[in-house]
Amino acid sequence: MFIPILITAFVSLVNAASIVSRSQSYLQPAVLGPKTTITVGNKVIAPDGFERSATLVNGIFPGPLIAAQKANNFAIEVVNKLEDETMFKSTSIHWHGIFQNGTNYADGVSFVTQCPIAQNHSFLHSFSAPNQAGTYWYHSHYSVQYCDGLRGALVIYDPDDPLAHMYDVDDASTVITLSDWYHVVAPVLRHIIGTTANSSLINGLGRYAGGPASDLAVINVEQGKRYRMRLVAMSCDPNFQFSIDGHNLTVIEADGQLTEPLVVDELQILAGQRYSVVLVADKPVDNYWMRSLPSLAGASFVGGTNSAILRYKGASQADPTTVNTPALNQLVETNLHALINPGAPGIPGYGNADINLNLQISNVGGTFYVNGVTFKPPTVPVLLQILSGAQEPSQLLPNGSVIVLEANKVVELTLSIVNGPGGPHPIHLHGHAFDVIKSAVVNSTFNYVNPVRRDVVSAGNAGQQMVIRWTTDNSGPWFLHCHIDWHLDAGFAVVMAESPSDTAAHVNPVPQEWDQLCPIFDSLTPSQLGGGGRYSYEEAANISTLLFPPSRLPY
């Protein structure tokens, strides 16, 4: 009788432990190198305890980390095996933050730089990033597809990082992804004005209000060591207030650009943004709550929502009992300064750039307008239009949404939110990093001397504005858009067509496979596009009465 009793006691202990802590260490799947194949497909997952079919890379969420060393060349074959009728069955993948200098065709933006990759087809993205190192990510750039799960981190490590003396550990285990999650598929939600996420996830795990006590992510550290944690906000909508109980964080990177080290105890990170922070594991051995509060109504940490666990080596496998205290030293964007070659390009002073642009953002009935025009994807990608001979703004579609810029000029862009709900609005420019001359934060002043340099910046809310500068040294059409994906889908975007007359030579040669993407995509039937067809709109009408007018599938 002794052995059965012992077994019963052991099972009871295991069950008790599961009650104490429903959590698991973040075991990053096999890291992929810069030359690899990734498969986009559908799989049922339950990252917050709610089961649903999702659109995933290699069957996992978030997608596998793609890691490279500085100066590596990338060759990533994207294979489309999508089959779920309720979600989009074509795809494209954008390598967020990679400049794609000379390889605009590999930027992965549907209807701007390419046609989508059709079901059962593939496309090889070949590109280099010779002078880039830092924290990036990849995601679908086809309608709102990345909201269904197609998103993952991409890191370029620098063996000569000038700030390497500040940390001991920097590997896959210290990449921290922050995301929102939805229980309804994105093709349905895109019809709803002001759709809201059901939960937020850290490293692909989380809980939703009223849901089960599903697993939370655990980030393991060892007392006395210093960790470079790479935070990636891959949400479709909310921003996050990120903190770790009892610990300060030293910011050393913003969006792939090193910053002068800045100590904070909490930071706001918007959709599309990334920060590297150094965490010194100098507290008593214990479990500490890692908090990522999303900008969603009613968000809290009750029941382990919006949380993960920082676990010191030697601590028990138990949920933390640490308390969330008010932040005393929050990150203020204007306190960040570029570490390498600080200073904005061009002549200091507002309006002294070679090209001075003003964009006014407004919203009517849920649809966004940039200078009175809402972005609607053209049937022919802008890059293909340019390579076919279109040069002038009047020749380039969509009408009113393409801004032509001369080569090798300093551009100063002022973007103002006249009215537009759902802010602060994170603005992303493809093909460049820019200097943030004036931040949308309160009491911000102009800074041409040492502003932060990055690729996603807040334009704030209604009545606020931001000012950025960059140099047009990368010929091709580059998307400028709000990185709240629902807002992009509702028209919050323009295309910066940089020196179109130089583009054909700059991106030569364009791969033959790229030329085939449009004929293949254009031949697809509505059922081959997926996305639920008209039924997606009917399902949206069963959820909410706040709907956009019926629209066709993204083309």
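The first residue in the sequence is number 1, and the count goes up from there.
Using a 30° and 60° split on the angle between ring planes, H96 and H483 fall in the tilted class, from 30° to 60°. Ring-plane geometry between H430 and H94 is classed as parallel, the angle between the planes falling under 30 degrees on a 0 to 90 degree scale with a further cut at 60.
R228 and S276 share a side-chain donor-acceptor pair at under 3.5 Å. Neither side chain, Y275 nor T259, offers a donor N or O lying under 3.5 Å from an acceptor on the other. Counting only N and O atoms by type, the side chains of N220 and R311 include no donor and acceptor under 3.5 Å apart. No side-chain donor from either of T334 and S439 sits under 3.5 Å from a side-chain acceptor of the other. With no hydrogens or angles considered, a side-chain donor-acceptor pair links D161 and Y167 at under 3.5 Å. For the residue pair T135 / R274, no side-chain donor-acceptor distance below 3.5 Å is found, with atom types taken as modelled. For S199 and D48, the side-chain atoms include at least one donor-acceptor pair closer than 3.5 Å. Looking only at atom types and distance, the side chain of S200 has no donor-acceptor partner in the side chain of D180 under 3.5 Å away. Side-chain contact, Q145 with T55: no donor N or O sits under 3.5 Å from an acceptor N or O.
No option in D282, D168, T250 other than D168 meets the side-chain hydrogen bond (donor to acceptor under 3.5 Å, both in side chains) test with R226. Considering T39, N42, L150 as possible partners of L82, the one that fulfils the side chain to side chain contact (heavy atoms under 4.5 Å, CB included) test is N42.
Side-chain rings of Y146 and H141 stay apart, their centers remaining 6.0 Å or farther from each other. With ring centers used as reference points, Y182 lies under 6.0 Å from W486. Taking the six-membered ring for Trp and the full ring otherwise, the centers of F88 and Y142 sit less than 6.0 Å from each other. The aromatic ring centroids of H432 and F434 lie 6.0 Å or more from each other.
Using a 4.0 Å cut-off between charged side-chain N and carboxylate O, R52 and D148 make a salt bridge. Using a 4.0 Å cut-off between charged side-chain N and carboxylate O, D435 and R469 make no salt bridge. Salt bridge annotation for E333-R454: present, with a cationic side-chain nitrogen under 4.0 angstrom from a carboxylate oxygen.
Atom OG in S362 sits 9.5 Å away from atom CD1 in I417 (nearest 0.5 Å).
Looking at H428 and L480, their side chains never come closer than 4.5 Å, going by heavy atoms from C-beta outward.
Atom CD of Q69 has more than 12 heavy atoms from other residues, nucleotides or ligands within 6.0 Å.
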Using the side-chain contact (heavy atoms from CB on, under 4.5 Å) rule, take L270 and Q268 through it: C-alpha gap first, then chi angles, then the decisive distance, then the call. CA-CA 7 Å; L270 277 64; Q268 182 185 45; 3.8 Å; yes
